[in-house]
Protein chains: 2
Amino acid sequence: MSLTHIQSFVAVAEEGHVGRAARRLHLSQPPLSRHILSLEDELGAPLFERTPRGMRLLPAGEAFLTHARRILAEVDAAVHTVRGVAAGRPDDS
Amino acid sequence: MSLTHIQSFVAVAEEGHVGRAARRLHLSQPPLSRHILSLEDELGAPLFERTPRGMRLLPAGEAFLTHARRILAEVDAAVHTVRGVAAGRPDDS
DNA sequence: CGACATTACGTATCTCGTAACTATG
DNA sequence: CATAGTTACGAGATACGTAATGTCG
């Protein structure tokens with residue numbers, strides 16, 4: 001599992017379509033589709049239901065989405081905190 | 001930044017040596033050293049002070065360590081939650 | 001057949017490990 | 001000169017994009 005896969009998952013969950021999420025991420029559909037499949041494979045469970053209209057979150061996907069957002073937010077916070085501390089600002093982690 | 005880099009950082013922070021952390025991660029020194037350098041490059045600030053005895057955390061590194069542990073714990077929680085939900089257990093995220 | 005996702009496949013990029021190098025007490 | 005980290009470099013693994021292939025209403 002990589003941060004890239006997690007970002008891809010969040011984009012697909014929010015857009016409901018692989019194609020639309022791909023445009024948002026400046027990526028083509030196939031790699032993005034592979035990110036999701038690889039994530040599902042690694043977790044051992046499907047996260048989306050495939051419909052002719054696109055991708056709909058399954059309960060496992062909803063659960064993962066909550067954590068995924070927290071992970072990405074934490075990464076962001078880490079970056080900002082380190083830059084702040086390195087610049088001499090007090091640590092607000 | 002990747003989860004691998006973050007795991008590498010935590011191992012080096014905890015061991016205080018690249019070489020020892022590399023053994024713990026079943027990796028050789030050079031890739032591990034590169035993970036740290038690449039992290040520092042991406043964050044725009046050094047995280048460790050290099051001493052003849054090994055690596056000592058700088059304040060920016062201490063700040064990053066807190067977040068890094070939180071990120072890895074959150075990833076772990078995500079995996080367990082998804083597996084639980086997929087197995088029909090209620091979501092305790 | 002239209003609107004999607006997925007698979008095939010070749011190329012570019014990344015990442016590893018071995019070996020060589022650098023630095024410091 | 002011993003002990004640490006870093007840089008060079010070639011080989012194997014990854015990940016991209018284009019094109020082809022499902023799949024389902």
Side-chain angles (χ1 to χ4, degrees), chain A residues 1-62 64-65 68 71-72 75 82 86, chain B residues 1-62 64-65 68 71-72 75 82 86:
Chain A
M1 171 157 25
S2 76
L3 291 173
T4 302
H5 288 170
I6 295 173
Q7 288 170 322
S8 294
F9 166 79
V10 171
V12 172
E14 288 176 356
E15 299 290 344
H17 297 259
V18 173
R20 208 180 302 161
R23 282 192 292 280
R24 165 168 149 192
L25 296 170
H26 307 294
L27 203 68
S28 63
Q29 290 90 333
L32 187 42
S33 177
R34 286 188 294 255
H35 292 176
I36 304 300
L37 291 167
S38 134
L39 209 44
E40 293 178 317
D41 179 64
E42 186 173 355
L43 292 169
L47 300 172
F48 292 100
E49 181 193 352
R50 275 73 172 171
T51 81
R53 303 303 197 124
M55 314 276 279
R56 144 175 286 147
L57 277 175
L58 292 171
E62 304 260 19
F64 190 67
L65 182 56
I71 292 163
L72 298 178
V75 168
V82 166
Chain B
M1 171 155 29
S2 76
L3 291 173
T4 301
H5 289 169
I6 295 173
Q7 287 169 322
S8 295
F9 167 79
V10 172
V12 172
E14 288 176 355
E15 298 291 344
H17 298 260
V18 174
R20 207 179 304 160
R23 282 192 292 280
R24 166 168 148 192
L25 296 171
H26 306 293
L27 203 67
S28 64
Q29 290 89 335
L32 187 42
S33 178
R34 285 188 295 255
H35 293 176
I36 304 299
L37 290 167
S38 134
L39 209 44
E40 293 177 318
D41 180 63
E42 186 173 355
L43 292 169
L47 299 172
F48 292 100
E49 181 192 351
R50 276 72 172 171
T51 82
R53 302 304 196 126
M55 313 277 278
R56 145 174 286 148
L57 277 176
L58 292 171
E62 303 260 18
F64 190 67
L65 181 56
I71 292 164
L72 298 179
V75 168
V82 165

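Basis for what follows: all heavy atoms, side chains included, without hydrogens, waters or symmetry-related copies. Letters A, B, ... are given to chains in the order of the sequence lines, protein chains preceding strands, and every chain is numbered from 1. Source: prediction; values computed, not measured.
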*Contact list for DNA chain C against residues 23-33 of chain B - heavy-atom distance below 4.0 Å*: B/Leu27, B/Ser28, B/Pro30, B/Pro31

*What parts of residues 37-62 of chain B reach DNA chain C, counting only heavy atoms under 4.0 Å away?*
B/Pro52

*Only counting residues at least two apart or in another chain, list the ones meeting ring-ring contact (aromatic ring centres under 6.0 Å, His included) with A/His17.*
none

*If a pair satisfies salt bridge (Lys or Arg N to Asp or Glu O under 4.0 Å) and one of its residues is in residues 3-27 of chain A, list it, with sequence neighbours excluded.*
A/Glu14-A/Arg24, A/Glu14-A/Arg69, A/Glu15-A/Arg24

*For A/His35 and D/dC16, is the shortest distance between a side-chain N/O and OP1 or OP2 below 4.0 Å?*
yes

With sequence neighbours left out, what residues match [X] under side-chain contact (heavy atoms from CB on, under 4.5 Å)?
{"X": "A/Pro52", "result": "none"}
{"X": "B/Ser38", "result": "B/His5"}
{"X": "B/Glu49", "result": "B/Thr51, B/Arg56, B/Leu58"}
{"X": "A/Glu40", "result": "A/Ile36, A/Leu37, A/Pro46, A/Leu47, A/Phe48, A/Arg50"}

_By the 4.0 Å heavy-atom rule, please label B/His5 as base, sugar-phosphate, or nothing._
nothing

*Nearest whole angstrom, please: distance from the C1' of C/dA3 to the NE2 of A/His17.*
10 Å

*Quick one: closest heavy-atom pair of A/Ser33 and A/Val18, and the distance?*
N-CG1, 4.1 Å

*Rounded to the nearest 0.5 Å, what separation is found between the CD1 atom of B/Ile71 and the CD1 atom of B/Ile6?*
4.0 Å

*To the nearest 0.5 Å, what is the distance between OG1 (A/Thr4) and CG (A/Leu32)?*
11.0 Å

Contacts under 3.5 Å, N or O only, protein and nucleotides 9-11 of chain C:
none

_Determine whether a donor-acceptor pair (N or O, by modelled atom type, separation under 3.5 Å) exists between the side chain of A/Gln29 and the backbone of A/Gly19._
no

